[in-house]
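Data first, discussion second: the structure below is written as structure tokens.
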Amino acid sequence: MAASLTFHSGTIELRGLARDAQGVPGEMSWDERAACFRAPAVAYATVIDALRRAAISIEDDARRDEELASGARVHREPRPFQTEALRAWRAADGRGVVVLPTGAGKTHVAVLAMDAMRRSTLVVAPTLDLVRQWYDLLRATFAVPIGVVGGGDHDVQPITVTTYDSAYLHMEHLGARFGLLVFDECHHLPGPTYALAARLSLAPYRLGLTATPERADGREAELVADLGPVVYRRDIGELAGEYLADYETVQVDVELEPDERTEHDAERALYLAFVAKNGIRLGSPRGFGELIMRAAQSMEGRRAMRAYRRQRELAFAASAKLAYVEHLLERHRDDRALLFTQDNATAYKVARRFLVPVITHQTKVTERSAILAAFAAGHYGAVVTSKVLNEGVDVQEANIAIVLSGSGSVREHVQRLGRILRKRDGKRALLYELVTSRTAETGTSERRREHDAYR
Amino acid sequence: MLTADHVDARRKGGELVLSRLDARALSEAHQLAEAYLEAARAHVGRTREELTEAWKEIGTRAKKRRLAAGIEKLVDDACTFDADEELDAIAIRRAVFLRAAGARRARSFDRDAVIAHVAADMGTTVAQLEAAMFSDLRGEHVLRAAPILTAASVVDAYELGRAQAILLRAVRVTCDVRAASPAALRSFFATLKFHRMLFTVARKTEAGFTIVIDGPFSMFESVTKYGLRLALVLPALRTLGTWTLTADVRWGKAREPLLFKMSSSAPAEPAAMPESRLSDEAQQLLDGLHALEERSPWRAEVASVLLDHPGLGVCIPDLVLRRHDGGDPIYVEVLGFWSRDAVWKRIELAERGLGARLVFCASSRLRVSAEVLAGDTPAALYVFKGKPSARALLEHVERVAATSLVT
């Protein structure tokens, strides 16, 4: 009797071979509990190849994906770089990451891949907004039912769209049903929980899409095992003008008011004294973690932590910054502006003061959709947000970005720029970055601008 | 529920040991619990943000930060907040922002004028409008009721919560149970099933069982996917007579593999046994069977037995059906969306003989066929698609009732 391969709760089981059988792929381990060989489902393609090479005949009952009844019913002429990206991905056996700037049409590369492979496909996106955008696009493009898992829906179809949160929770059940996985904004994938969305699935074909695979923690290397290597890459500078809107970045330095400066410097001195006293090297990779740990151990430490937070708040929402925002809102009253902040508190402060709609993670989906629709239609000239609009949401009309505050992350800054680069006739995008002088923001700004797009 | 951040634990060899709350720490825990509860009672009618600020002050002054954060979390979990819904915050924002955007385009933006205009339109005052504009935000939620808890009960919950927080990081848990009453055991197994745990049960002695709670993927990677469910099982375990628990946990940022052990001597056992709950599918079947009782000779109720095959395993039926005119009972176990392995194990048990008639109910998602238990075996496999049907179950029950038990 031939050995059999089945899918079980995010793993594949090989039964019918003795524990000491020769030629069992190295990815498989003997599982005493079930008396079979077992491997994480992600190893499926490798295992199948190895079994073939070892001439071990098996009945493959693991895969439950299906061929799509039809391919795309709408065919849009791909841009040359999209065709190149698809070719590179196929040459890598349908596994790998495509890196393209925001606005360049990563989604279309995925549609081309789905049309080429014609296997049941799970698209995983980081937010419900993006799930809805994918759902609308796929429903218009393919003549097969499109399912959604997440946000209260659980409808699994040959093409299904889901969030990272739902994907990792449900993949142990869904992991055999899709032949192709598409991870949008795949830099989210590395990590102990989200990565399960890739590891509990046996899909032989995997496509990651991102504008910026690099992560502050360096875990982008994990993408190779979970999705495949970067197979194609184009940066903003290569596509600006022809395929992306022309753009300009402007850095504006502002000063704290005298009373803000006094408080800022006092709070900063307090927390830096604690840092020095405890020999914490903030510049080292674990420096900040050490500060949090040490601060938690004493009242003095907790006061230092409060001082740290206060001096940041003062820099983030300096009076001069908010005054300059007023000026920019007036100056660009006929444009479509996105304002970005590092924290929710500043976003709400801006919303209250300038009566600009605000979107944070606390905003309900229905309100968020209504705000974005009104912004696209021109009813609102500006929207303020903390981090939730950093990626993915498409508003072609947006042409001004105002970064009031942010982290030192290059990826975040590039994503924010990407929000205003979607090409439109005659469009010229403008990104303002407001930086409070002689605060920690100066260094943060320098770090996040270390990208070709800002040179 | 507490999380790993709230836990003060240390490594001792390959073991993770909870720091013991000595008399001083217990005293501080009681003082903190009283302080957090008192602050909550004093803030009824005020916003979450105000309460959080007050709590922050308590936390800053606490000697043990983790202890304070844990107590705060438990008190917070027990508070009742809700939004002030007199005015619709979303509608207010929409009106305000649209008017403001229009004014800006018309080069006549004046914040106060926009607010005053919208307030007038909505028949409210400027102050009320300003207050209501973001009243749906979490920080603006109003504390409606403070917890009806004593400081002592918060501290008890903290002690249990620390162990549960460690189990959140568990990849496998082994429980040895001795001298538990059948009812308590039954309740414990029902809890495991309700939380859809993957577990195996083996009888060790007359009244002793070893239960291994696990997930297949855990042999490759330290996933904590099952942790929450494991943590929820702990209160049920504590109701059993004598027990030990050994958990394989992955602790800290490095996910260091460590063992965590507990036993029935600590922490203290609560007096009450948690109510036994049926899984959704079993409850649906029971409701359906009750609805059919007038037209059917079968009466259904929640089962209270364990069917044991020494050396092979234990079957824990959910329901028992009896004909109103007598005869042997028919047991029903709902396997729902469990693993296929669970189904095969039940089939093996049934084939070896459990001394009772059984119907196993399995979802079609498990890709098993009813035919595997056809013929004279005093057991049947009912494969259901979607939700199980009481009527279809009764057909299997009738067939099994006609078979003879081999003893």
Side-chain angles (χ1 to χ4, degrees), chain A residues 6 8-11 13 29 31-34 38-41 43 61 64 168-169 172-173 192-193 195-196 199-200 289 295-299 301-303 305-306 326 329-330 333-334 344-345 348 351-358 360 362-364 366-367 370-371 374 378-383, chain B residues 5 56 59-66 68-69 89-90 93-94 96-107 109 111 114-115 118 130 133-134 136-140 172 198 200 212 214-225 250 253 255 337-341 344-345 365-367:
Chain A
T6 53
H8 180 198
S9 295
T11 67
E13 292 179 347
S29 307
D31 187 348
E32 290 285 0
R33 303 167 303 179
R38 192 184 295 282
D61 293 327
R64 287 282 177 266
Y168 95 82
L169 286 172
E172 65 179 320
H173 307 299
T193 51
L196 293 176
R199 292 174 192 168
L200 300 178
Q297 292 167 355
S298 66
M299 271 192 263
R302 289 194 283 278
R303 175 66 186 92
M305 205 63 211
R306 234 168 55 194
E326 172 76 86
L329 287 174
E330 274 305 306
R333 61 179 165 263
D334 296 322
N344 285 346
Y348 284 110
R352 274 187 189 276
R353 178 159 164 182
F354 304 113
L355 304 184
V356 170
V358 56
T360 70
Q362 293 190 57
T363 311
K364 287 180 182 157
T366 47
E367 187 185 13
I371 290 173
H379 302 314
Y380 294 138
V383 171
Chain B
D5 298 339
K56 213 182 276 178
T60 307
R61 289 178 197 160
K63 290 193 188 82
K64 293 180 182 294
R65 184 195 64 87
R66 280 207 176 100
I90 293 177
R93 287 199 290 272
R94 189 170 55 240
V96 167
F97 296 150
L98 281 172
R99 178 165 287 277
R104 209 176 275 285
R105 274 195 302 274
R107 302 172 188 219
F109 176 73
R111 187 188 185 282
V114 170
I115 295 285
V118 176
E130 292 265 21
M133 201 152 82
F134 290 101
D136 55 339
L137 293 183
R138 185 176 152 83
E140 301 284 322
R172 190 168 75 148
L198 295 173
T200 56
V212 180
D214 199 0
F217 195 71
S218 57
M219 68 184 283
F220 306 107
E221 221 172 89
S222 55
V223 286
T224 54
K225 241 177 104 54
R250 301 291 181 267
K253 275 195 173 165
R255 300 289 179 112
F337 304 110
W338 278 33
S339 69
R340 288 183 88 196
D341 264 5
W344 297 126
K345 277 177 187 155
R365 289 190 197 179
L366 295 176
R367 294 178 284 108

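Just so it is clear, the structure is predicted and the values come from calculations on it, not from any experiment. Here is the naming used below: chain letters follow the sequence lines, and residue numbers restart at 1 for every chain. Values below: all heavy atoms of this structure, side chains included; hydrogens, waters and symmetry mates excluded.
Contact tally against chain B (heavy-atom pairs below 4.5 Å) for A/R352, A/R199, A/H379: the top residue is A/R352. With chain B as partner, the option from A/A195, A/A39, A/S29 having the largest number of non-hydrogen pairs under 4.5 angstrom is A/A39.
Around CZ of B/R105, the count of heavy atoms belonging to other residues, nucleotides or ligands within 6.0 Å exceeds 12.
Contact annotation: the side chain of B/L137 approaches that of A/Y348 to within less than 4.5 Å [non-hydrogen atoms, C-beta and beyond]. Proximity of A/I371 to B/F97: side-chain heavy atoms (C-beta onward) are nowhere separated by under 4.5 Å. Annotation: side chain of B/L98 is in contact with side chain of A/Y380 (closest heavy-atom distance under 4.5 Å).
Considering B/R93, B/M133, B/R104 in turn, B/M133 is the only one that fulfils the side chain to side chain contact (heavy atoms under 4.5 Å, CB included) rule with A/L355.
Of the two parts of A/L329, the backbone and the side chain both hold a non-hydrogen atom closer than 4.5 Å to a non-hydrogen atom of chain B. Looking at A/R353, only its backbone comes within 4.5 Å of chain B, counting heavy atoms on both sides. Within the 4.5 angstrom heavy-atom criterion, atoms from both the backbone and the side chain of A/A351 approach chain B. Both the backbone and the side chain of B/R94 come within less than 4.5 Å of a heavy atom of chain A.
Not one N or O on the side chain of A/R333 forms a donor-acceptor pair closer than 3.5 Å with the backbone of B/A103.
What you find for A/G381 and B/A101 is that their closest heavy atoms are N-CB, 4.4 Å.
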